[in-house]
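Here's the structure, in structure tokens; my notes come after.
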Amino acid sequence: MSKVSIIYWSGGGNTEMMANAIAEGAKNAGAEVSLSKVADAPADFINSDVIVLGCPSMGAETLEENEMEPFMLSIEKSISSKKIALFGSYDWGDGQWMKDWQQRIKNAGAVLMSDGLIIKLTPDANGLEKCKEYGKKIASF
Ligand SMILES: Cc1cc2nc3c(=O)[nH]c(=O)nc-3n(C[C@H](O)[C@H](O)[C@H](O)COP(=O)(O)O)c2cc1C
């Protein structure tokens with residue numbers, strides 16, 4: 001059974017809804033899932049089979065600067081060869097924050113599962129279904 005750690009930041013709850021649905025999809029597919037806000041990330045998350053990171057587009061196409069950006073900086077040197085998947089909500093942009101984040105993950109030598117899952121604002125039923133599917137894919141990554 002694969003161990004999946006989902007770690008996210010969400011200001012308004014949209015990325016959190018995605019996180020919950022991804023967790024549900026991964027659990028239903030048989031993964032052992034730990035779900036936490038970035039401020040409460042478990043100390044041993046690095047030992048998970050798959051690390052799943054969530055953050056909405058903030059600033060001007062950046063990660064949230066007070067918690068998620070420092071967390072990324074703190075893990076960038078220790079994620080080489082780790083399996084990683086990304087997700088997050090956005091609004092008016094074109095998803096550039098996710099493209100930049102993906103590149104950062106690759107530059108750190110990690111194995112990116114696929115393009116990150118991005119959803120405009122609050123996920124609707126179809127969006128939540130996409131999140132569950134993404135969770136299922138994560139469980140067998
Ligand atoms: C301070 C701030 C900056 C934002 N910057 C961007 C941005 O650069 N591009 C974009 O597409 N959306 C941007 N957004 C919109 C958020 O990504 C969007 O509202 C998202 O659904 C928030 O997710 P959350 O509910 O998980 O916090 C910004 C929102 C805030 C509050």
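For clarity, every value in this text was computed on a predicted model and none was experimentally measured. Numbering of ligands and ligand atoms starts at 1, following listing order.
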Sequence neighbours excluded - side chain to side chain donor-acceptor pair (under 3.5 Å) pairs with any residue from residues 102-118: Glu69-Arg104, Glu76-Arg104, Gln102-Asp115, Gln103-Asn107
Close side-chain approach of Leu53 and Met68, heavy atoms under 4.5 Å: yes
Closest contact, heavy atoms only, Thr122 versus Met17: CG2-SD, 3.6 Å
Residues, nucleotides or ligands: over 12 heavy atoms within 6.0 Å of Lys82 NZ: yes
Residue shell around ligand 1, heavy atom under 4.0 angstrom: Ser10, Gly11, Gly12, Gly13, Asn14, Thr15, Pro56, Ser57, Met58, Gly59, Ala60, Glu61, Ser89, Tyr90, Asp91, Trp92, Gly93, Leu121
Atom pair OG/OH of Ser57 and Tyr90 - distance to nearest 0.5 Å: 10.0 Å
Side chain Trp9, main chain Leu63, donor-acceptor under 3.5 Å: no
